[in-house]
Amino acid sequence: MYDIIVIGSGPAGYVAAIRASQLGLKTACIEKSSKNNKPQLGGTCLNIGCIPSKALLDSSHRYADALNHFSDHGIKVSKPKIDISQMMERKNKIVSQLTSGVAGLLKANKVSQITGSAKIIDSNNVEVTNEDNIELLKTKNIIIATGSMPIDIPVAELDNKNIVDSTGALEFKAVPKTLGIIGAGIIGLELGSVWSRLGSKVTILEAMDDFLPMADSKISDDVLKEFNKQGLNINLGCKVTATKSNEKNVTVNFTNNGNQSELTFDKLIVAVGRKPYTNNLLDESCGLSVDQNGFISVNDFCETQIKNIWAVGDVVRGPMLAHKASEEGIMVAERIAGNQVEMEYDLVPSVIYTHPEVAWVGKNEKELNDAGVEFKTGSFPFAASGRALATGESTGFVKVIADKRTDTILGVHAFGPAAADIVQQGVVAMEFGASAEDLGLTIFSHPTVSEALHEAALAVNEQAIHIGNNKK
Ligand code: NAD
């Protein structure tokens with residue numbers, strides 16, 4: 001009898017399993033994916049998501065830097081060449097290093113790793129199928145951490161040759177001359193950046209008229225301009241109506257403002273969001289079902305409606321982000337162990353790993369206006385940061401939003417160099433309930449790009465030193 005069976009070994013599942021075992025609970029982690037007779041641990045993030053995409057983002061950034069920016073520094077090199085198979089090999093090596101790292105962590109923490117497909121029979125019984133072998137495991141608690149998969153749309157059926165999803169887009173054997181992408185969300189922008197830097201002529205077709213509606217509106221406007229300048233030809237209000245793939249390429253039909261258009265690409269990436277993954281997970285008898293969007297319903301503590309069955313990560317409400325998933329996994333492990341741990345859902349940061357990066361945490365101005373909260377803002381452009389200028393990365397700005405009355409920081413938004421790390425400093429400050437004044441009184445190393453956060457916090461109360469203060 002286990003104390004906990006965790007189903008899924010992605011950032012939600014393996015983290016929950018490790019924490020549970022650390023807390024003295026007898027824990028198993030079941031994963032159905034395997035490769036070459038070895039369990040494929042780490043879920044989407046490690047195998048076909050965050051990590052391989054970041055490996056390619058880094059490789060392509062270095063190439064684009066050598067091609068376009070070395071000469072700015074007085075470095076002359078002959079035109080760099082791309083070896084895609086070596087780039088992919090490097091990415092694959094990183095993935096296998098990290099996935100075997102997860103196996104090592106589970107082992108070191110005495111989590112039983114079980115390979116097979118799990119089905120929940122009831123809150124105390126999980127059936128595991130591995131090839132022809134079926135086993136029934138007994139447990140006191142179940143944590144569902146089965147993750148998500150790409151949404152497919154009937155107008156652009158994947159053929160895994162010319163029309164691919166985010167997984168296929170990490171495996172191209174050559175740089176497509178022309179690349180279409182459906183969806184200007186996070187995946188569309190990150191993968192579009194990779195292939196555009198490597199030489200593809202990229203066209204993004206986005207159904208909505210708004211670009212990055214979840215981000216600060218000034219940042220969305222600036223990002224749209226910058227990425228169009230970088231060669232990601234982003235077209236808003238474009239609804240794809242049909243696609244046709246042949247041996248060589250894909251033709252895409254779409255409407256824009258009522259006008260029919262057609263474009264042909266060598267490859268097409270469908271990046272229109274992800275959906276929760278629960279295939280064959282719930283036996284009819286178990287009493288648990290999914291909502292109309294396929295999610296498992298949970299409360300703020302990730303409890304399902306069935307006692308002792310919990311669900312965390314992409315398979316439940318909230319942003320589909322690895323760090324949110326891991327924290328939910330930890331919260332649930334702690335709660336099963338009897339500790340009253342809670343998640344601070346307002347402080348889940350978001351990052352788009354383009355260049356420059358886009359990141360934010362907390363509320364944006366629109367959300368605060370809609371909620372009727374009075375606030376003040378302070379911004380600082382990287383064009384006024386000595387370090388940003390020295391590194392030639394002076395696009396973008398940092399914005400701090402604080403409560404008008406109490407000065408408590410309500411949001412931090414950044415577009416620019418190291419935006420993810422700058423916003424992370426905002427997360428730490430907000431976790432401790434900091435005011436803009438607290439950040440303003442904090443010493444920041446000079447010269448760092450983080451000083452832009454310091455100055456933006458000072459600007460909230462009209463005390464910025466390295467830029468004029470707008471009287472409010
Ligand atoms: P997304 O929801 O971020 O963006 C999908 C976009 O596709 C939206 O803008 C949507 O309007 C558009 N769209 C939907 N249907 C369309 C259609 N028929 N035609 C044209 N456009 C259409 O989804 P994603 O980019 O696929 O990412 C999936 C999930 O993975 C997200 O939840 C994201 O947060 C997560 N993710 C996060 C990161 C990161 O944290 N850096 C990276 C990759 C993925």
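Start at 1 and go down the list; that is how both ligands and their atoms are numbered.
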* To do: Look at atom 16 (C) of ligand 1 and say which protein heavy atom is nearest, naming residue and atom and giving the distance to 0.1 Å.
  => Val272 CG1, 3.4 Å
* **For Ala271, atoms of ligand 1 separated by under 4.0 Å from a heavy atom** => 5 (C), 6 (C), 7 (O), 26 (O)
* Which of the numbered atoms in ligand 1 are below 4.0 angstrom from a heavy atom of Leu205? -> 20 (C), 21 (N)
* Stacked cation flag Arg317 on Phe295, 6.0 angstrom / 45 deg -> no
* To do: Record the part of Val155 in heavy-atom contact with ligand 1 below 4.0 Å; permitted values are side chain, backbone, both and neither.
  => neither
* Structure fact -> Here the atoms of ligand 1 under 4.0 Å from any heavy atom belonging to Leu321 are 34 (O), 37 (C), 40 (O)
* Is Lys239 in contact with ligand 1, taking contact as a heavy-atom separation below 4.0 Å? -> no
* Lys54: side-chain hydrogen bond (donor to acceptor under 3.5 Å, both in side chains) partners, not counting sequence neighbours -> Glu190
* Element-labelled atoms of ligand 1 that are located less than 4.0 Å from some non-hydrogen atom of Arg274 -> 28 (C), 29 (C), 30 (O)
* Structure fact -> Note: ligand 1 atoms sitting under 4.0 Å from heavy atoms of Gly183 are 6 (C), 7 (O), 12 (C), 21 (N)
* **Parallel, tilted or perpendicular, as decided by the 30° and 60° cut-offs, for the rings of His454 and Phe444** => parallel
* **side-chain hydrogen bond (donor to acceptor under 3.5 Å, both in side chains) partners for Arg19, two or more places apart** => Gln22, Glu334
* **Distance from atom 25 (O) of ligand 1 to nearest protein heavy atom, with residue and atom** => Ile187 N, 2.8 Å
* Which residue holds the protein heavy atom closest to atom 38 (C) of ligand 1, what is that atom called, and what is the gap in Å? -> Ile186 CG2, 3.4 Å
* Candidate with minimal heavy-atom separation from atom 34 (O) of ligand 1, of Glu190, His323, Lys324, Met320 -> Met320
* **Test salt bridge (Lys or Arg N to Asp or Glu O under 4.0 Å) applied to Glu342 and Arg335, step by step** => CA-CA 9 Å; Glu342 290 180 19; Arg335 293 190 79 86; 5.3 Å; no
* If you count the atoms of ligand 1 from 1 in the order shown, which ones are under 4.0 Å from a heavy atom of Ile153? -> 18 (N)
* For atom 23 (O) of ligand 1, grab the closest protein heavy atom and report residue, atom and distance to one decimal in Å. => Gly273 CA, 3.2 Å
* **Heteroatom distance test (Tyr353, ligand 1): nitrogen or oxygen, under 3.5 angstrom** => no
* Identity and distance of the protein heavy atom lying nearest atom 21 (N) of ligand 1 -> Ala207 N, 3.1 Å
* **Proximity to ligand 1 by part of Ile151, non-hydrogen separation under 4.0 Å** => neither
